[in-house]
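As structure tokens, the structure follows; a few thoughts come after it.
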Amino acid sequence: QVQLVESGGGLVQPGGSLRLSCAASGSIFSINAMGWYRQAPGKQRELVAAITSGGSTNYADSVKGRFTISRDNAKNTVYLQMNSLKPEDAAVYYCNADLTPLGPGGDGMDYWGKGTLVTVSS
């Protein structure tokens, strides 16, 4: 069984910072990539940032220069450092992992966390 658990969400003022964490646990053979998505009310879920096992990163244009994604492979954990937060960044942030579960014949699969709420308000 594989589980992704996000943490670090909360209420911040515009211009503030927040750091999200996502830890993958369970019967994992390998992780190819992990990333963060977000979904605001009335909007579709969108990719915020992603990082591969090799360290390559990709960011949405709206967060470039403000957000930084990083990982700790030993802990199967991905982080999202969010700086200069704007009201439009408010959303539920979801952790995603492309991984191979432990076991013979296991294929790469997408797993999702339950999400952590980020509120940006004065």
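Remember, it's a predicted structure, so these values are computed and weren't measured experimentally. Numbers here are sequence positions counted from 1.
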So does [Y] get a backbone contact from the side chain of [X], meaning a donor-acceptor N/O pair under 3.5 Å?
| X | Y | answer |
| --- | --- | --- |
| Thr119 | Leu11 | no |
| Glu6 | Thr116 | no |
| Arg71 | Ser53 | yes |

Would you give the length of the straight line joining atom [atom1] of [X] to atom [atom2] of [Y], rounded to the nearest 0.5 angstrom?
| X | Y | atom1 | atom2 | answer |
| --- | --- | --- | --- | --- |
| Met109 | Leu99 | CE | CG | 8.0 Å |
| Lys75 | Cys22 | NZ | SG | 14.0 Å |
| Met82 | Arg19 | CE | CZ | 11.5 Å |
| Ser30 | Asn76 | OG | CG | 9.5 Å |

Would you kindly confirm whether Val92 and Leu4 end up in one hydrophobic cluster when ILVMFWY residues are joined by side chain heavy atoms under 4.5 Å apart?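 No, because Val92 and Leu4 fall into different hydrophobic clusters, even though each may have its own neighbours under 4.5 Å.
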Do Tyr79 and Ile69 belong together in a cluster built from hydrophobic side chains that touch within less than 4.5 Å?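 No, no single cluster joins them.
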Checking Leu18 against Phe67 for the side chain to side chain contact (heavy atoms under 4.5 Å, CB included) test, could you report, in this order, the C-alpha distance in whole Å, the side-chain angles of both residues, the deciding distance, and whether it holds? CA-CA 10 Å; Leu18 207 60; Phe67 291 9; over 6 Å; no
Between Ser70 and Gln81, does the side chain to side chain contact (heavy atoms under 4.5 Å, CB included) criterion hold? Intermediate values first, please. CA-CA 8 Å; Ser70 61; Gln81 179 66 45; over 6 Å; no
Only pairs at least two apart or in different chains count here, so list each ring-ring contact (aromatic ring centres under 6.0 Å, His included) that has a residue in residues 100-122.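 Passing the test, one end in residues 100-122: Tyr37-Trp112.
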Ile31 vs Ile28, test: side chain to side chain contact (heavy atoms under 4.5 Å, CB included). Steps then yes/no. CA-CA 7 Å; Ile31 299 178; Ile28 300 170; 3.8 Å; yes
Smallest separation among heavy atoms of [X] and [Y], with atom names:
| X | Y | answer |
| --- | --- | --- |
| Gly9 | Val118 | CA-CG2, 4.2 Å |
| Ala50 | Leu47 | CB-CD1, 4.2 Å |
| Ala90 | Ala40 | O-CB, 3.7 Å |
| Ser84 | Arg66 | O-NH1, 3.0 Å |

Working note: Val78 + Trp36, criterion side chain to side chain contact (heavy atoms under 4.5 Å, CB included); need CA distance, chi angles, decisive distance, verdict. CA-CA 9 Å; Val78 64; Trp36 291 94; 3.8 Å; yes
Ring-face cation of Arg38 near Tyr94 (centre distance under 6.0 Å, axis angle within 45°):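 Because its charged atom misses either the 6.0 Å distance or the 45° angle limit, Arg38 does not stack over Tyr94.
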For Ser17 and Asn83, which I'm curious about, is there any donor-acceptor pair between the side chains at under 3.5 Å?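 Side chains of Ser17 and Asn83: pair found under 3.5 Å.
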Tell me, which pairs form a salt bridge (Lys or Arg N to Asp or Glu O under 4.0 Å) where one or both residues lie in residues 103-122, sequence neighbours left out?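 Not a single pair qualifies under salt bridge (Lys or Arg N to Asp or Glu O under 4.0 Å).
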Hey, is Asp89 close enough to Lys86 for a salt bridge, meaning N to O under 4.0 Å?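 Looking at Asp89 and Lys86, the cut-off is not met.
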